[in-house]
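Written below as structure tokens is the structure these notes are about.
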Amino acid sequence: MAAPVAAAAGRSAVLAYSPALRVQGMDAVSFRVSASFPRQRASFPSIRVQRIPKRFQVSCSAKQETIEKVCEIVKGQLALPEDSTVTGETKFVDLGADSLDTVEIVMGLEEAFQISVDESSAQEIQTVGDAAALIDKLITEKDA
């Protein structure tokens, strides 16, 4: 087969096709790209992605009162407006929190709940529900 020349988004690329179904290319920045494809066709099962209604989703295992208190602390730490929606499924990054904000949130939670969160557990916290579940677990361990 002949080597076609393609232009995409203002860049030119040259692709060469060989009989072994190997595709090689070089773009304008001179990076060599290659990929091999088997001669036989593979069949893939069809995959469908469906949204699961919220009433069937499993939320975190934390108590509702803990989740509500964590939501209020997070709103305060991030200086969010009172009317902003924060739930157990809310991710800190979706609220604009960076890693420093997350550390400050964990410190605020430690102070409010009189607990101590170790660094490895703190790094696993991604959502409000994660934080609430960890708090409930630590309080249960502390009381035992």
Side-chain angles (χ1 to χ4, degrees), residues 3-18 20-38 40-144:
V5 177
R11 293 186 348 177
S12 63
V14 178
L15 299 176
Y17 298 98
S18 66
L21 293 177
R22 184 172 187 85
V23 179
Q24 293 183 333
M26 187 170 280
D27 67 8
V29 189
S30 299
F31 289 108
R32 181 172 283 285
V33 179
S34 93
S36 296
F37 302 97
Q40 62 192 23
R41 291 184 175 246
S43 71
F44 297 99
S46 72
I47 299 173
R48 286 189 337 176
V49 177
Q50 293 180 323
R51 293 190 65 97
I52 299 172
K54 284 205 180 265
R55 66 180 184 270
F56 295 119
Q57 289 181 347
V58 177
S59 64
C60 65
S61 60
K63 297 176 190 168
Q64 187 61 34
E65 61 201 39
T66 307
I67 294 172
E68 291 170 4
K69 189 170 180 180
V70 171
C71 288
E72 291 305 313
I73 292 168
V74 168
K75 283 182 183 181
Q77 289 287 337
L78 297 177
L80 298 174
E82 280 298 317
D83 62 342
S84 59
T85 304
V86 178
T87 65
E89 292 83 23
T90 304
K91 294 182 179 180
F92 294 137
V93 289
D94 293 343
L95 297 173
D98 59 14
S99 59
L100 181 59
D101 291 324
T102 304
V103 169
E104 290 176 355
I105 289 169
V106 170
M107 289 171 57
L109 295 172
E110 286 178 327
E111 185 177 321
F113 289 96
Q114 299 297 308
I115 57 170
S116 179
V117 178
D118 62 79
E119 189 176 332
S120 62
S121 296
Q123 290 177 352
E124 294 176 9
I125 298 173
Q126 301 293 318
T127 66
V128 172
D130 292 344
L134 178 62
I135 289 166
D136 281 347
K137 176 184 164 205
L138 292 173
I139 289 173
T140 302
E141 289 174 359
K142 185 172 94 170
D143 292 342

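In this chain, numbering begins with 1 at the start of the sequence shown.
For residues 94-104, no residue pair satisfies the side chain to side chain donor-acceptor pair (under 3.5 Å) rule, not counting sequence neighbours.
Shortest non-hydrogen contact noted between D130 and E124 is OD2-O, 3.9 Å. Across all non-hydrogen atoms, the minimal contact from L109 to I115 is O-CG1, 4.2 Å. The minimum heavy-atom distance linking K91 with T127 is given by the pair CG-CG2, 3.7 Å. Residue L134 comes nearest to S121 through the heavy atom pair CD2-CB, 3.9 Å, listed as atom of the first residue, atom of the second, then distance. Between A62 and A133, the shortest heavy-atom contact is CB-N, 3.5 Å.
Separating the CD atom in E110 from the CG atom in L138 is a distance of 9.0 Å, to the nearest 0.5 Å. Here the straight-line distance linking atom OG1 of T66 with atom CG of D136 works out to 3.5 Å at 0.5 Å rounding.
When side chains are defined from C-beta on, V128 counts as touching V86, because their heavy atoms get closer than 4.5 Å. Counting heavy atoms from C-beta on, the side chains of L78 and I105 come closer than 4.5 Å.
Contacts of K137 classified as side chain to side chain contact (heavy atoms under 4.5 Å, CB included), with partners at least two apart in sequence or in another chain: E141. For Q64, the side chain to side chain contact (heavy atoms under 4.5 Å, CB included) partners two or more places apart in sequence, or in a different chain, are I67, E68. Partners of D143 according to the side chain to side chain contact (heavy atoms under 4.5 Å, CB included) rule, which considers only residues two or more places apart in sequence or in another chain, are I139.
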Can I get a per-line list of side-chain donor-acceptor pairs under 3.5 Å for residues 69-76, giving both atom names and the distance, sequence neighbours left out?
| residue | atom | partner | partner atom | Å |
| --- | --- | --- | --- | --- |
| K75 | NZ | E82 | O | 3.3 |
| K75 | NZ | S84 | O | 3.1 |

